[in-house]
Trainee: 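Have a look at this one before I ask anything.
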Amino acid sequence: MPELPEVQTIVSDLKKVLPKLKIRDVWCDFKKMIKQPESFAQFKKMVIGKKFLDVKRKGKNILINLSENKTLLIHQKMTGHMLYGKIDPQDRFIHLVFTLSNGKHLALSDIRKFAKVLICETDRLDTLKDIKDIGPDPLDKTFTFKKFKEIFSKKKGVIKNGLMKQEIIAGIGNIYANEILWEAGIHPFKKIQKIKKEEFEKIYKAIKKILKQGVRMRGDSVVDYRDAFGKKGRYQNFHKAYQKEGEKCSKNDGGIIKRIKETGRSAFFCPKHQKL
DNA sequence: CCCGGCGCCTGAGGGC
DNA sequence: TGCCCTCAGGCGCCGG
């Protein structure tokens, strides 16, 4: 499931190959994924002939900046991922394909069809809910401890849910939330209001450390994530908590990783060193 | 306003 | 073998 490191990997890949190429054609077999403009015919008209200028990320959103003041926003949701290169026409999970001026393709593969795509005027991007209603990016230089603590100390609920709320902080999903809290030594269900300053410091450091590590490993392919060239990431080999239920905590503290389901999501943690 | 729960989707995996 | 159930979880939406 693409979270910040997976999205960042795709964005870096695409940034290397897309700029200066043009869109020759576009094909789609699941038009529902296109949220804006209204019809696929309009979408097609808006992108054909446009040139790729830049590729960016905001939270889990991929922003592909095109010529003539257009930006493609892509959210990969659970199983979506962008692919660049020669696309296998037999691949039934590919639902959107751009044919590029160099003869290659840019495609969106998505088993579960949750991904969404939209076009926005570049200078109106900030008016989009997807952009304006999300919190700061945890890897941004301006995301300081002061800012982190300031944002979180106002929030209610438990820490793991807070970390996963995009309107508070943008980019963290279930895998990294579990890993961050394992690293920080904080129980996933600890109430935000009960978290002390030193604990906030540990969480802050863990956010930076774990997300950077995820980026370095080119993402987490525990399910079906691939980079823009179809290669797996490596972060799944470094999980300490996520999907480690029943295993010994790698801190060797005698804890056995426990799993608790709440509101559809699994929390994984070590009951020994992650205290409430 | 906030919180919980459901719907969107489909493949994998377990039980029988 | 094959059917059916559950699970995976990002996020929009709805209702209490």
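This is a predicted model, so every value here is computed, not measured. In what follows, chains carry the letters A, B, and so on, assigned in the order in which the sequence lines appear, proteins first and then strands, with residues in each chain numbered from 1.
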Trainee: Are A/Lys113 and B/dT10 close enough that a side-chain N or O sits under 4.0 Å from OP1 or OP2?
Mentor: yes
Trainee: Just by distance, do the side chain of A/Glu6 and the backbone of A/Arg218 share a donor-acceptor pair under 3.5 Å?
Mentor: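 No: the side chain of A/Glu6 does not pair with the backbone of A/Arg218.
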Trainee: Quick test of the criterion, 5.5 Å between centres and less than 30° between planes. Is A/Phe114 stacked on C/dC11 or not?
Mentor: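 Answer is no, no stack.
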Trainee: Just the rounded figure in Å: distance from C1' of B/dC9 to CZ of A/Phe30.
Mentor: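 These atoms are roughly 7 Å apart.
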Trainee: Starting from P on B/dA12, measure out to CE on A/Met78 and report it in whole angstrom.
Mentor: 14 Å
Trainee: Quick one: is B/dG11 close enough that its OP1 or OP2 comes under 4.0 Å of any side-chain N or O from A/Arg92?
Mentor: yes
Trainee: Counting Watson-Crick and G-U wobble pairs only, both distances under 3.5 Å, name the nucleotide matched with C/dG9, or none.
Mentor: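 Pair assignment: C/dG9 / none.
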Trainee: Can you find a side chain N or O atom of A/His75 that sits less than 4.0 Å from OP1 or OP2 on C/dC11?
Mentor: yes
Trainee: When you measure from the side-chain N and O atoms of A/Lys165 to the phosphate of C/dC11, is any distance below 4.0 Å, counting only OP1 and OP2?
Mentor: no
Trainee: Between B/dG11, C/dG10, C/dG9, which nucleotide gets closest to the side-chain atoms of A/Met164?
Mentor: C/dG10
Trainee: Could you check which of B/dG11, B/dC3, C/dG10 has an atom nearest any side-chain atom of A/Lys77?
Mentor: C/dG10
Trainee: Whole-Å distance between B/dG11 P and A/His81 NE2?
Mentor: 14 Å
Trainee: Let me know the distance between CD1 of A/Ile94 and P of B/dT10, rounded to the nearest Å.
Mentor: 16 Å
Trainee: On the 0 to 90° scale, with breaks at 30° and 60°, tag the A/Phe148-A/Tyr204 ring pair as parallel, tilted or perpendicular.
Mentor: tilted
Trainee: Return the nearest nucleotide to the side chain of A/Lys116; candidates are C/dG9, C/dG12, B/dC9.
Mentor: C/dG12
Trainee: Rounded to whole Å, how long is the line connecting atom CZ of A/Phe189 with atom P of B/dG4?
Mentor: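 For the pair A/Phe189 CZ and B/dG4 P, the rounded distance is 11 Å.
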Trainee: At 4.0 Å (heavy atoms only), tell me whether A/Gln76 reaches a base, stays on the sugar-phosphate, or touches nothing.
Mentor: nothing
Trainee: Between A/Asn174 and A/Ser266, is there a donor-acceptor pair closer than 3.5 Å when you use the side chain of the first and the backbone of the second?
Mentor: yes
Trainee: Could you tell me whether a side-chain N or O of A/Gln274 sits under 3.5 Å from a main-chain N or O of A/Leu181, the two making a donor and an acceptor?
Mentor: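 Answer holds: yes.
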Trainee: To the nearest Å, give me how far apart CE (A/Met33) and C1' (B/dC8) are.
Mentor: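 After rounding, the gap between these two atoms is 13 Å.
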Trainee: Rounded to whole angstroms, how far apart are CG on A/Leu4 and P on C/dG10?
Mentor: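 Answer to the nearest Å: 13 Å.
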Trainee: Closer than 4.0 Å, any side-chain N/O of A/Tyr242 to the OP1 or OP2 of C/dG9?
Mentor: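 For A/Tyr242, the contact criterion (side-chain N or O under 4.0 Å from OP1 or OP2 of C/dG9) is met.
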Trainee: Rounded to the nearest Å, what distance is computed from the NZ atom of residue A/Lys35 to the C1' atom of nucleotide C/dC13?
Mentor: 13 Å
Trainee: Are any side-chain N or O atoms of A/Glu179 and backbone N or O atoms of A/His239, one a donor and one an acceptor, separated by less than 3.5 Å?
Mentor: no
Trainee: To the side chain of A/Lys261, which of C/dC7, C/dG9, B/dC3 is closest?
Mentor: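 Out of C/dC7, C/dG9, B/dC3, the nucleotide with an atom closest to A/Lys261's side chain is C/dC7.
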